[in-house]
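Here the structure comes first, spelled out in C-alpha cells, and everything after it is commentary.
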Amino acid sequence: MKTKNVLIVSSLLIVLFVGLVWFNQSQKSAQLEGLPNYTEIKGTIQTTLNYDKQPYMGLDDAKVKVVIFGDYKCPACKNWEIENFDKFKQTYVDTGIVKLYYMNYAFIDRDSIMAASAGEAIAKQSNDSFWQFHRKLFENQGDETKVWATPDFLLEFVKENVTGIDYDKFKKDLLEHTYMLEVKEDYKVAGALGVNGSPKFLVNGALMPSSNYEELAAVINQEHSK
C-alpha cells in the first residue's frame, strides 16, 4: 500500500512538473507573438561596417575609433556599462582620444531585436537622446530569461526616460518596425567581423578578444601613440 501511494504521489508530481513547463512555454510563446525575428526582416543589407550609420560620441578627428557591440538584454553588457562606461568616457572620449560608436548585436531573443529597433528609432532623431536611452535601458534591464522588452514596455519606458525626441514619431517607427532592417544589418556586419557574443569591442577595425577594460585600454593607448 505504501509503495502504491509513493507511485501515485510521484506520478502527480511528474504531471505537475510537466504542466508547469508547458504553462511557462505557453506564456513565453504568447509574449513572443508579434515580436520580430531575423528571418521575417527583409531587405538589402550592407555587410561592411559604415561608421556614419551608428550612434556616436566624441570628436570626429579622434585618432582611435572604438565600436561597442551589445545586446540590451545581456547582463554582461549591463555590467560593463555600469562599471566601466563613465570611466571610459572621461578617460578616452572626453579627452579627444576616442570616437565611440555603438552597434547592436541583438542575439538573445526577439525582444532584443525590439529593444535595438527602439534605439535605432531614437538615434535617427537625436544622437544625444540615444545615449539617454542606452544608459537608462541598461539601468532598467529585465531578466535575461524573460521577455520584457516588449513594445508596451518600450513605449512607456521612452515616454518616462528619454527627452529631445518627437515621441509620436518614435511610437510610429517602433510599432511599424521602421528600423528593423538596420538592426539586422548591424547583426550581420558584427558577425562578419567575428563578433559572437557581447559586449565586444572593435578598435580601429580590429576585434578585441575579450571585454576586459585593462586590455581594451592598453590597445587604445597603443593605437593612440602610433
Taking NZ in Lys172 as the centre, count heavy atoms belonging to other residues, nucleotides or ligands within less than 6.0 Å. Is the count above 12?
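Open.
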In this structure, is the centre-to-centre distance between the rings of Phe201 and Trp80 below 6.0 Å?
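Between Phe201 and Trp80, which both carry aromatic rings, the centre distance is below 6.0 Å.
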Phe107 ring center near Tyr187 ring center (under 6.0 Å)
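No.
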What pairs with Asn196 under side-chain contact (heavy atoms from CB on, under 4.5 Å), at least two apart in sequence or on another chain?
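Asn196 satisfies side-chain contact (heavy atoms from CB on, under 4.5 Å) with Lys200 once adjacent residues are dropped.
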Going hydrophobic residue to hydrophobic residue with side-chain gaps under 4.5 angstrom, can you get from [X] over to [Y]?
{"X": "Trp131", "Y": "Ile82", "result": "no"}
{"X": "Val203", "Y": "Tyr213", "result": "yes"}
{"X": "Tyr38", "Y": "Leu174", "result": "yes"}
{"X": "Val64", "Y": "Leu59", "result": "no"}

[X] side chain near [Y] side chain, heavy-atom distance below 4.5 Å:
{"X": "Phe133", "Y": "Ile165", "result": "no"}
{"X": "Tyr72", "Y": "Gln141", "result": "no"}
{"X": "Thr48", "Y": "Val189", "result": "no"}
{"X": "Lys78", "Y": "Asn140", "result": "no"}
{"X": "Ile220", "Y": "Phe88", "result": "yes"}
{"X": "Val147", "Y": "Asp111", "result": "yes"}
{"X": "Lys171", "Y": "Leu175", "result": "yes"}

Keeping Glu176 on the side-chain end and Thr178 on the backbone end, is there a donor-acceptor pair under 3.5 Å?
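Looks like no, no N/O pair under 3.5 Å.
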So does Asn50 get a backbone contact from the side chain of Gln54, meaning a donor-acceptor N/O pair under 3.5 Å?
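Yes, the answer is positive, given that a donor and an acceptor are paired below the 3.5 Å cut-off.
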Using 0.5 Å steps for rounding, measure from the [atom1] atom of [X] to the [atom2] atom of [Y].
{"X": "His134", "Y": "Ser129", "atom1": "NE2", "atom2": "OG", "value": "14.0 Å"}
{"X": "Met208", "Y": "Phe69", "atom1": "CE", "atom2": "CZ", "value": "13.0 Å"}
{"X": "Lys146", "Y": "Asp109", "atom1": "NZ", "atom2": "CG", "value": "13.5 Å"}
{"X": "Ile108", "Y": "Asp71", "atom1": "CD1", "atom2": "CG", "value": "4.0 Å"}
{"X": "Ile41", "Y": "Ile113", "atom1": "CD1", "atom2": "CD1", "value": "5.0 Å"}
{"X": "Lys73", "Y": "Phe138", "atom1": "NZ", "atom2": "CZ", "value": "12.5 Å"}

Side-chain donor/acceptor pairs under 3.5 Å, residues 151-164, sequence neighbours excluded:
residue	atom	partner	partner atom	Å
Asn161	ND2	Phe157	O	2.9
Thr163	OG1	Gln132	OE1	3.2
Thr163	OG1	Gln132	NE2	3.0

What side-chain donor-acceptor pairs closer than 3.5 Å can you find for residues 94-103, not counting sequence neighbours?
residue	atom	partner	partner atom	Å
Asp94	OD1	Lys89	NZ	3.0
Asp94	OD2	Lys89	NZ	3.3
Thr95	OG1	Thr91	O	2.7
Thr95	OG1	Tyr92	O	3.3
Lys99	NZ	Asp60	OD1	2.5
Tyr102	OH	Gly70	O	3.1

Qualifying salt bridge (Lys or Arg N to Asp or Glu O under 4.0 Å) pairs with a residue from residues 183-197, counting only residues at least two apart or across chains:
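For residues 183-197: Lys53-Glu185.
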Side-chain polar contacts of residues 114-125 - donor-acceptor pairs under 3.5 angstrom, sequence neighbours left out - could you list them?
residue	atom	partner	partner atom	Å
Ser117	OG	Met114	O	2.8
Glu120	OE1	Lys124	NZ	3.0
Glu120	OE2	Asn104	ND2	3.0
Gln125	OE1	Asp166	N	2.7
Gln125	NE2	Asp166	O	3.2

What are the two closest non-hydrogen atoms of [X] and [Y], and how far apart are they?
{"X": "Ala190", "Y": "Tyr105", "value": "CB-CD1, 3.5 Å"}
{"X": "Ala106", "Y": "Val183", "value": "CB-CG1, 4.3 Å"}
{"X": "Tyr51", "Y": "Val67", "value": "CE2-CG2, 3.6 Å"}
{"X": "Arg110", "Y": "Leu35", "value": "NH1-O, 3.4 Å"}

Could you verify whether a donor N or O on one side chain and an acceptor N or O on the other, from Thr39 and Asn37, lie under 3.5 Å apart?
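Yes, because at least one side-chain N or O of Thr39 sits under 3.5 Å from a partner of the opposite role on Asn37.
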List in chain and number order the residues that pass side-chain hydrogen bond (donor to acceptor under 3.5 Å, both in side chains) with Lys65, two or more places apart in sequence or in another chain; answer none if no residue qualifies.
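Testing Lys65 for side-chain hydrogen bond (donor to acceptor under 3.5 Å, both in side chains), a comparison that skips the adjacent residues, returns none.
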